[in-house]
Amino acid sequence: MSLDLDSKPRLAAGCRMGENNNQRVLLMPERALRLNGPSLEIVSRCDGKHSVSQIIGELQLLYSKAEPHKVEQDILGYLALLQKERALDFESGAV
Amino acid sequence: MPTVQQNPLALVAELTHRCPLHCVYCSNPLELQSRSNELSTEVWSRVFKEAAEAGVLQADFTGGEPLARPDIVDLIRSARAAGLYVSLITSGLPLDEAKLETLVHAGLDHFQLSFQGAREETANDISGTKSHQHKLRVLQWLKRYRIGLTLNFVIHRCNIDELEEMLAIVKDSGAGCVEFASVQYYGWAFANREKLLPTRQQLDYCVERLKRAEEEQQGKTRILFVVPDYYAKYPKPCVGGWGRKLMLITPSGDALPCHAAPVIPGLKFENVKDRSLREIWEHSEAFQKFRGEDWMQEPCKSCDRRAQDFGGCRCQAMLLTGNAAATDPVCSLSPQRHKVDAILAQINEQGPAGAEPASPITVPVGKIEWLYRPNPS
Ligand code: SF4
Ligand code: SF4
């Protein structure tokens with residue numbers, strides 16, 4: 001499944017960020033995912049306001065030492081995985 | 001020495017044993033706690049705070065029927081205030097539109113609605129109540145809210161053939177997840193086992209159909225299938241490993257490593273009225289008993305899979321072999337597997353003898369390393 005770069009991901013119903021023992025987590029129905037470094041940077045931008053390409057752009061700046069194409073591939077892979085797990089909804093880019 | 005434990009991650013709060021339904025496979029203990037023994041709102045609130053402090057992320061409100069507690073809204077509020085993610089596992093029966101609204105506004109994160117079938121007749125028959133139509137109404141009301149929704153179909157021989165109709169209910173429900181959870185054979189279900197275990201043929205169809213459903217619902221609804229473990233090759237990693245992730249508190253406050261733990265004779269449970277949750281987690285004899293690997297016997301002791309399935313379910317080992325430390329007899333490597341095969345043979349009488357043990361225990365999930373996954377998959 002390919003992601004529309006203009007679409008704006010946001011956390012799906014029943015998913016929210018939480019914190020425990022100074023550790024950020026993504027809380028979802030019956031599961032929780034530890035967030036750190038890049039995964040935290042990605043998920044905290046899934047707010048329905050950032051488009052996928054914006055998220056990629058911002059992380060490429062943030063991780064400027066990494067190869068930009070690699071950063072993009074990693075983000076797309078992670079977003080697709082979260083979508084498959086029903087952690088994200090994608091608002092269409094047109095709106 | 002049991003290995004050093006991590007934090008508990010999930011708190012299963014059995015708020016009450018009371019329930020308007022009378023399911024033939026009910027997981028309630030055979031001996032129920034009466035209302036007068038139930039923990040008060042105040043004690044539960046303290047337990048939620050202590051749980052969050054001990055590292056717990058999620059609270060699952062269950063029962064019985066958790067909505068039978070008149071203080072359910074306060075309990076949701078206090079668990080949220082403590083910082084927990086709150087799921088309500090319910091039959092939906094004692095619910096009207098106004099009540100649902102107060103639950104959502106109190107901060108409920110996730111609503112898990114159980115179904116006993118897809119056809120009114122079957123569902124009402126299994127649950128011993130006229131409840132099915134009401135559940136469908138609750139589903140409609142839920143569409144007004146942006147809240148996590150899981151449908152839980154408890155499946156067994158008498159309703160597994162309604163799979164197509166169940167999928168139709170899922171399709172328009174807007175649920176993020178659906179679980180087709182085979183009855184697990186403890187308590188009442190163990191007593192009713194011969195009537196509930198599906199045949200191999202039913203199961204094979206189910207596996208195949210749900211694989212297709214998974215593609216159809218991709219990106220909309222996650223589909224989980226919990227196979228009856230009697231048909232599996234390896235056991236389920238029951239509760240994610242004994243004393244590793246989960247704590248269950250009974251209506252009267254006993255802290256259990258697993259809801260079926262009382263079938264194991266001689267286990268002593270601490271009560272949250274006497275001790276803090278962390279103390280119990282770290283020191284309770286019942287939690288220590290099967291923590292880590294020291295208690296294991298062969299073939300588990302030297303098996304490569306022991307860190308994946310932790311030797312399976314202790315309670316099932318107890319129920320089927322009389323020894324709680326034995327390898328879970330559903331494991332194909334267990335010297336006692338023949339006991340499970342004998343039951344299956346009885347159920348599949350007409351079928352071919354000595355067929356292969358059935359395949360994967362559930363439909364696979366992605367490669368994410370989950371911090372917390374109570375439901376075997
Ligand atoms: S809904 Fe749950 S607690 Fe109530 S009778 Fe059915 S299985 Fe038991
Ligand atoms: S022998 Fe024990 S550890 Fe190995 S697969 Fe069977 S139950 Fe799991």
Side-chain angles (χ1 to χ4, degrees), chain A residues 1-43 46-49 52 73-93 95, chain B residues 6-10 51-60 80 82-89 107-112 142-143 145-152 174-179 214-215 217-224 245 364-375 377:
Chain A
M1 195 179 343
S2 68
L3 292 177
D4 173 2
L5 290 179
D6 294 328
S7 66
K8 296 174 176 169
R10 66 163 174 165
L11 294 184
C15 301
R16 64 180 169 90
M17 303 273 269
E19 201 180 308
N20 196 282
N21 295 331
N22 299 317
Q23 162 78 62
R24 300 298 299 268
V25 284
L26 175 57
L27 298 166
M28 359 183 353
E30 302 195 62
R31 289 161 304 153
L33 197 56
R34 200 174 267 131
L35 298 174
N36 36 35
S39 60
L40 177 59
E41 297 296 341
I42 296 171
V43 172
C46 293
D47 53 6
K49 297 186 187 109
V52 175
Q73 287 311 307
D74 284 355
I75 294 173
L76 291 176
Y78 192 65
L79 290 178
L81 196 55
L82 289 178
Q83 183 188 27
K84 187 160 169 267
E85 293 300 326
R86 286 304 292 121
L88 294 178
D89 288 333
F90 288 80
E91 316 278 322
S92 114
V95 190
Chain B
Q6 317 150 329
N7 290 334
L9 294 168
E53 281 161 17
V56 168
L57 298 169
Q58 310 212 347
D60 293 347
R80 274 302 303 258
L84 300 175
Y85 179 100
V86 184
S87 297
L88 183 74
I89 299 161
L108 183 63
D109 285 296
H110 173 215
F111 194 97
Q112 184 166 326
L142 278 163
K143 288 189 175 159
Y145 308 102
R146 198 165 189 275
I147 179 177
L149 173 61
T150 296
L151 307 191
N152 187 299
C177 180
V178 56
E179 289 178 7
E214 209 181 6
E215 278 154 36
Q217 295 293 319
Q218 162 87 246
K220 280 187 266 174
T221 308
R222 260 180 357 118
I223 296 184
L224 296 177
K245 299 198 163 167
V365 212
K367 283 193 214 86
I368 294 185
E369 189 198 324
W370 297 112
L371 188 57
Y372 157 54
R373 295 218 57 175
N375 286 318
S377 59

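Per chain, numbering begins at 1; letters A, B, ... match sequence-line order.
Atom-to-atom distance recorded for A:L27:CG and B:L84:CG is 9.5 Å, nearest 0.5 angstrom. Taken to the nearest 0.5 Å, the CZ atom of A:R31 stands 3.5 Å off from the CZ atom of B:R222. Here A:R86 contributes atom CZ and B:T150 contributes atom OG1; the two are 11.0 Å apart, rounded to the nearest 0.5 Å. The line from NZ of A:K84 to CD of B:E214 is 6.5 Å long, rounded to the nearest 0.5 Å. Of the inter-residue distances, the one linking B:S87 atom OG with A:M28 atom CE reads 11.5 Å to the nearest 0.5 angstrom.
Across all non-hydrogen atoms, the minimal contact from A:R16 to B:D109 is NE-OD1, 2.7 Å. Heavy atoms only, all atoms of each residue included: B:I147 and A:A13 are closest at O-CB, 3.6 Å.
In B:K143, the NZ atom is crowded: over 12 heavy atoms of neighbouring residues, nucleotides or ligands sit closer than 6.0 Å.
In this structure a side-chain-to-backbone donor-acceptor pair under 3.5 Å is missing from B:Y85 to A:C15.
Neither the backbone nor the side chain of B:L149 comes within contact range of chain A; no heavy atoms are under 4.5 Å apart. Looking at A:L26, there are no atoms closer than 4.5 Å to chain B (heavy atoms on both sides), in backbone or side chain.
A:E19 is linked by a side chain to side chain contact (heavy atoms under 4.5 Å, CB included) to A:N22, A:R24, counting only residues two or more places apart in sequence or in another chain.
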- request: List the steps, then state whether side chain to side chain contact (heavy atoms under 4.5 Å, CB included) holds for B:L224 with A:E30.
  value: CA-CA 12 Å; B:L224 296 177; A:E30 302 195 62; 6.0 Å; no

